[in-house]
Amino acid sequence: MEVLERLLDGNDEHVAQVDDDHFEGVRDGQDPPVVSVSCSDSRVPAEGVWDANADGDLFTSVNVGNQAWTDVDGELVVNDAVGYAVSALDVELIAVLGHTGCGAITAAYESVTGESETSLPPAVEAAVARLTPIVESAREDGVFDDDTPRGEAVNKLVERAVQEQVDFLVKTDAVPDDVAVAGLVYDFQHAYGNDDGTAYLVSLDGETEDETLRERVSPSYHEHVASLR
């Protein structure tokens, strides 16, 4: 019970910080401008990444491998959270947030390279299986090879997976054309830069070239644009 009680202590702290008017305007509904798709990894705070402290500001999808898609009857479709956000909440932006050192991407990498020795629960296996085609195509395209250090390969694949999901969301009819789609990578391994916790923009509406991405954002955010290519 110690872990549960720690959670309840945390909730007491949360309650103490909630002002009386905290839920005014959102008690009976929500109108968030953004749906953020991030990983279940304990090192990636879904709201904290964006400093989204006001309830109602951010709709979140948190899952293994920050996947904006899922499989229904053998077909890759937009996942439930993103589908709801774009169809019922009229969000303006989908933010797909990968992170360095991702365990799901690592598992997909191991599956493709034959290094995997661990059996996974069925649902986790299914989630990893949705990522293995990305790893396979990346190897064919020369993103990594047998000489690429494991950590470097995984982080390049994280970026690739984010970009491919952005492409998927841009092309699917399930996402309206007026919804922007951004792909980012949350870095705590100094793969992109030295500032821990920075989210680096690696795709916007399918565009991945650094120069073009910088043209899409204000100069003050140019340092958020980076790539491991």
Side-chain angles (χ1 to χ4, degrees), residues 4 6-72 75-99 102 104 123 127 130 161-186 197-206 216-218 220-221 224:
L4 172 59
R6 191 168 68 195
L7 285 179
L8 295 176
D9 284 341
N11 179 245
D12 287 342
E13 291 292 329
H14 169 71
V15 171
Q17 296 173 35
V18 174
D19 296 329
D20 291 342
D21 62 352
H22 184 82
F23 287 99
E24 292 304 314
V26 295
R27 288 189 189 276
D28 300 317
Q30 58 177 324
D31 185 29
V34 180
V35 54
S36 176
V37 184
S38 58
C39 187
S40 303
D41 194 295
S42 61
R43 298 165 293 181
V44 185
E47 288 83 14
V49 170
W50 314 119
D51 194 28
N53 298 316
D55 288 309
D57 279 354
L58 186 69
F59 196 76
T60 56
S61 174
V62 180
N63 60 68
V64 172
N66 47 270
Q67 299 188 51
W69 52 37
T70 190
D71 183 277
V72 175
E75 179 184 1
L76 207 59
V77 298
V78 172
N79 79 9
D80 51 352
V82 175
Y84 182 76
V86 299
S87 64
L89 302 178
D90 297 324
V91 297
E92 302 170 18
L93 172 69
I94 303 170
V96 180
L97 179 69
H99 69 90
C102 179
R130 290 193 291 271
V162 167
Q163 292 172 336
E164 292 210 10
Q165 288 190 75
V166 170
D167 287 345
F168 170 81
L169 292 169
V170 168
K171 293 173 182 177
T172 179
D173 292 337
V175 176
D177 292 339
D178 60 352
V179 175
V181 186
L184 306 104
V185 177
Y186 182 71
T198 299
Y200 290 93
L201 184 66
V202 298
S203 180
L204 183 57
D205 296 327
R216 295 283 304 276
V217 299
S218 300
S220 58
Y221 302 108
H224 280 273

Reported [atom1]-to-[atom2] distance for the pair [X] and [Y], which is rounded to 0.5 angstrom:
X    : Y    : atom1 : atom2 : answer
R27  : E24  : CZ    : CD    : 5.0 Å
N63  : D41  : CG    : CG    : 12.0 Å
D51  : L58  : CG    : CG    : 11.0 Å
R43  : H99  : CZ    : NE2   : 6.0 Å
D9   : L4   : CG    : CG    : 9.5 Å
L169 : D205 : CG    : CG    : 10.5 Å

Using every non-hydrogen atom in the two residues, find where [X] and [Y] come nearest and quote the distance to one decimal.
X    : Y    : value
P32  : V91  : O-CG1, 3.3 Å
V166 : S203 : CG1-OG, 3.4 Å
L97  : A199 : CD1-CB, 4.3 Å
V62  : A46  : CG2-CB, 3.8 Å
G206 : D167 : CA-OD1, 3.4 Å
C102 : C39  : SG-SG, 4.4 Å

Inset, instruction - Give the intermediate values and the outcome of side chain to side chain contact (heavy atoms under 4.5 Å, CB included) for residues V86 and I94. - result: CA-CA 9 Å; V86 299; I94 303 170; 3.9 Å; yes

Is the side chain of [X] donor-acceptor paired with the backbone N or O of [Y] at a distance under 3.5 Å, no angle test?
X    : Y    : result
H224 : T198 : no
Q165 : N66  : yes
Q30  : L89  : no
N79  : A81  : yes
D71  : L76  : no

Legend entry - Validation row: V34, D57 side chains within 4.5 angstrom (heavy atoms): no

Legend entry - Parallel, tilted or perpendicular, as decided by the 30° and 60° cut-offs, for the rings of F168 and W69: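 W69 and F168: perpendicular rings.
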
Legend entry - Test log, rule side chain to side chain contact (heavy atoms under 4.5 Å, CB included), inputs V170 and V175: CA-CA 7 Å; V170 168; V175 176; over 6 Å; no

Neighbour count above 12 (heavy atom, 6.0 Å) for [X] [atom1]:
X    : atom1 : value
R6   : CZ    : no
N11  : CG    : yes
D177 : CG    : no

Inset, instruction - Begin with the C-alpha distance, continue with both residues' side-chain angles, and end with the deciding distance and a verdict on side chain to side chain contact (heavy atoms under 4.5 Å, CB included) for V35 and Y84. - result: CA-CA 10 Å; V35 54; Y84 182 76; over 6 Å; no

